[in-house]
Each structure stands twice: as C-alpha cells, then as structure tokens.
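Just below is one structure, and these are the notes that go with it.
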Amino acid sequence: MPLNPKDFNLIRQLVNKRSAIVLDNGKEALVESRLSILARKEGIDTIAELLNRLRSCTASRLHDKVVEVMTTNETLFFRDIYPFDVLCSIIIPELLEKRKTENRLHIWSAGCSSGQEPYSIAMLLKEHFAHHTNWSFRINACDISKEMVARAREGRYSQFEINRGLPAPLLVKYFHQKGVDWQLREDIRRMVEYDDINLAAPQWPMMPSMDIIFMRNVLIYFDIETKKQILHKVRRLLRPDGYLFLGTAETTLNLDDSFDRKQYEKAWCYRPLIQPG
Ligand SMILES: C[S@@+](CC[C@H](N)C(=O)[O-])C[C@H]1O[C@@H](n2cnc3c(N)ncnc32)[C@H](O)[C@@H]1O
C-alpha cells in the first residue's frame, strides 16, 4: 500500500533536508517499500511504528537510516566505459606531462556508492600508469551513505556485481575469492581514501585541489538550486585545467556558465572556462 500524503511528506521533507534528494510525487510506493525494508532490518514491527519514532524527535540514527535507504546506489564497474577510455588515452597522459614538476595527481569520485567507480579508476591507473613509480596517484571517494562507504572500503562484491562491467582479466589479476564473493586486493583498496560527505552540505571538508572529478549520476537527484550550489563548489575545488565528468543525463548547461562542455572521443566532459581578462 502506498504511503498516505501526510506520511509521504514527512519522509520527503526529512530526506530533502538532510541530503537535498528530491522525492517526487508518484514515488509513494517506492518510499513505502524502502521503509518496510528498513523497518524489518531495524526490528520495527510496522511502518506506522517507524513513522511514530521519526516523529518523536528531530534527529536520531533512525533519521540517518531513512536517508540512506532512500538513496539510489545503482553503479557498476567501468560504467559507460568512454570516460575511462579517454582518461587512459588522453587525460592522464596530458596531466602527467603538465604536472611533471609536482609528480602527483588527485582524483575525486563524489557519490561513489559501493566503490565500483573509484576502483575502476584505481585499476586503470595500476594497469596503464604503474611504471610512473615516483608519482603519487591519490583517489578520494565519498558518499552520503555510511553503509555504502563501509561496503566500498571493504571492496567485496557478489558474482552479480562482478559480472557488471569488470573485464575477466582484471578479475583474475586484482581480486581474490572470499566465500561466494570476490574481494579486491589490498593494494588497490589502499589507493582509495573514503569519507562520508554530504555534497549538499554548506561546507565540504578540507580537500586538496582536484585534477579530475567524477560526479556521475548524483546531480540528477537534486533540485536546480542544489545543483548550482554543488557545481559552484566543484568549480572551486577543480584545478583551472582540470576535468569534470558528469553522468550521461547530467550537464552544467543552464546551471553554471563557468564550465565548458567538450567532447573527447566518445566522452563528454566539463572544463573550467578561462575567464577573459
Ligand atoms: C546512482 S549512484 C552513482 C554512483 C556512481 N557515481 C556511478 O555513476 O556509478 C548515486 C550515489 O550518490 C549518493 N548521494 C546521493 N545524495 C548524496 C549527497 N547529498 N551527498 C553525497 N552523496 C550522495 C547516493 O548515496 C548514491 O550512492
């Protein structure tokens, strides 16, 4: 049974206030099914009881859990493949040349879900750029969901997740079997530093300037004002000659005119516009 409008609004406001995620009308049944999963996990008998507990105070671990369960964590290894292709063939070689006095590259996967995106980048670096031994390749990754961040840190994936996008040679090379699952080698896991960060928070924690930012399939969940605020912060964090990747359904157009949209082979990416004068 879908939630009634009053209960749906309670969840909608709670989720929006804490994560900026917008739950549109029509999502009542989805919200109800996710709440019932959460109630079962938390040992709460009914959704009505769960809602009562939420109403009894304004902040609790249960409020955080509601936000987590409303996030959409769909992801896969080497998702959409083209951004990874151009990273390998054009962008990283170019940045290695440009940064050769610094010998370091900083990459951020923002909204990383269970880690397939940052680990795809880590494996790509290991596969193609490991001979740059005097370089520091640092990958940061974050998600609002503590559960996703914990899963990502563990780097443990089911056969189903492995089958989604991971080339067999990389499975053989970088994973070992753990029960019925597969776990990434520790040296690859150590290439990524995870944090739980709310991208919609007024301030982000201190981070180094980034050469490359992957923020794919995250902005779609926010309203226009939130997208603008996040892109403004991305622009400040990204180096002037850096690269931003968004999801295929996302753009900076009509949101932030300080980015230029450029096509590299089959991938689109966004680069800070050089301001005249
Ligand atoms: C659909 S997944 C995208 C994962 C990966 N970037 C990809 O493209 O495969 C979106 C992720 O954004 C996260 N997310 C949603 N709202 C967020 C927020 N306010 N701050 C940080 N992460 C958020 C969700 O928890 C989810 O894991």
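Everything numeric in this text was worked out from a predicted model, so none of it was measured. As a basis for the values below, the full set of heavy atoms in this structure was taken, side chains included, without hydrogen atoms, waters or symmetry mates. When a ligand or atom number is given, it counts from 1 through the structure's own listing order.
The closest protein non-hydrogen atom to atom 17 (C) of ligand 1 is I144 CG2, 3.6 Å. For atom 7 (C) of ligand 1, the closest non-hydrogen atom of the protein is R79 NH1, 3.2 Å. Atom 9 (O) of ligand 1 has T75 OG1, 2.6 Å as its closest protein atom, hydrogens excluded (heavy atom only). Protein heavy atom in closest approach to atom 5 (C) of ligand 1: G111 O, 3.4 Å. The single protein non-hydrogen atom nearest to atom 8 (O) of ligand 1 is N217 ND2, 2.8 Å, given as residue, atom name and distance. Closest to atom 20 (N) of ligand 1, if we only count protein heavy atoms, is L199 N, 2.9 Å. Closest to atom 13 (C) of ligand 1 among all protein heavy atoms lies D143 OD2, 3.3 Å. Of all protein heavy atoms, the one closest to atom 2 (S) of ligand 1 is T72 O, 3.3 Å.
Within the 4.5 Å cutoff, no side-chain heavy atoms of M207 are placed close to those of D195. At a threshold of 4.5 Å between non-hydrogen side-chain atoms, the residues Q183 and R189 count as touching.
For the residue pair T248 and E250, no side-chain donor N or O sits within less than 3.5 Å of a side-chain acceptor on the partner. If you check the side chains of Q159 and N163, you find a donor sitting under 3.5 Å from an acceptor. Judged by distance alone, the side chains of N73 and T71 do bring a donor and an acceptor atom under 3.5 Å apart.
Taking each of D195, N198, T226 in turn, the one with a heavy atom nearest to atom 19 (N) of ligand 1 proves to be N198.
Contact annotation: G247 has no heavy atom less than 4.0 Å from any atom of ligand 1. Residue F222 places a heavy atom less than 4.0 Å from ligand 1.
Contacts of D7 classified as side-chain contact (heavy atoms from CB on, under 4.5 Å), with partners at least two apart in sequence or in another chain: L3, N4, L51, R55.
Taken from CD1 in I213 to CG in L231, the straight-line distance is 10.0 Å, to the nearest 0.5 Å.
Atoms of ligand 1 lying under 4.0 Å from at least one heavy atom of Y221, given by number and element, are 1 (C). The I197 neighbourhood of ligand 1 comprises atoms 20 (N), 21 (C), with distances under 4.0 Å to a heavy atom of that residue. The contact set between ligand 1 and S113, taken as ligand atoms under 4.0 Å from a residue heavy atom, comprises 4 (C), 27 (O). For ligand 1, the atoms sitting less than 4.0 Å from at least one non-hydrogen atom of T71 are 24 (C), 25 (O), numbered in the order shown with element in parentheses.
Where the criterion is an N or O separation shorter than 3.5 Å, residue side chain and backbone included, I21 fails it with respect to ligand 1. Residue S19 places at least one N or O, backbone or side chain, under 3.5 Å from an N or O of ligand 1.
A cation-pi arrangement is not found for R271 relative to F259, the charged atom failing to lie both closer than 6.0 Å to the ring centre and inside a 45° cone about the ring normal. Annotation: cation-pi geometry satisfied between R261 and W268 (NZ/CZ under 6.0 angstrom from ring centroid, within 45° of ring axis).
Taking the six-membered ring for Trp and the full ring otherwise, the centers of F77 and Y157 sit less than 6.0 Å from each other.
Within the 4.0 Å heavy-atom criterion, the part of E117 lying near ligand 1 is the side chain and not the backbone.
Checking each of Y119, F245, F214 against F84 for a ring pair (Phe, Tyr, Trp, His ring centres under 6.0 Å) leaves exactly one that passes, namely F214.
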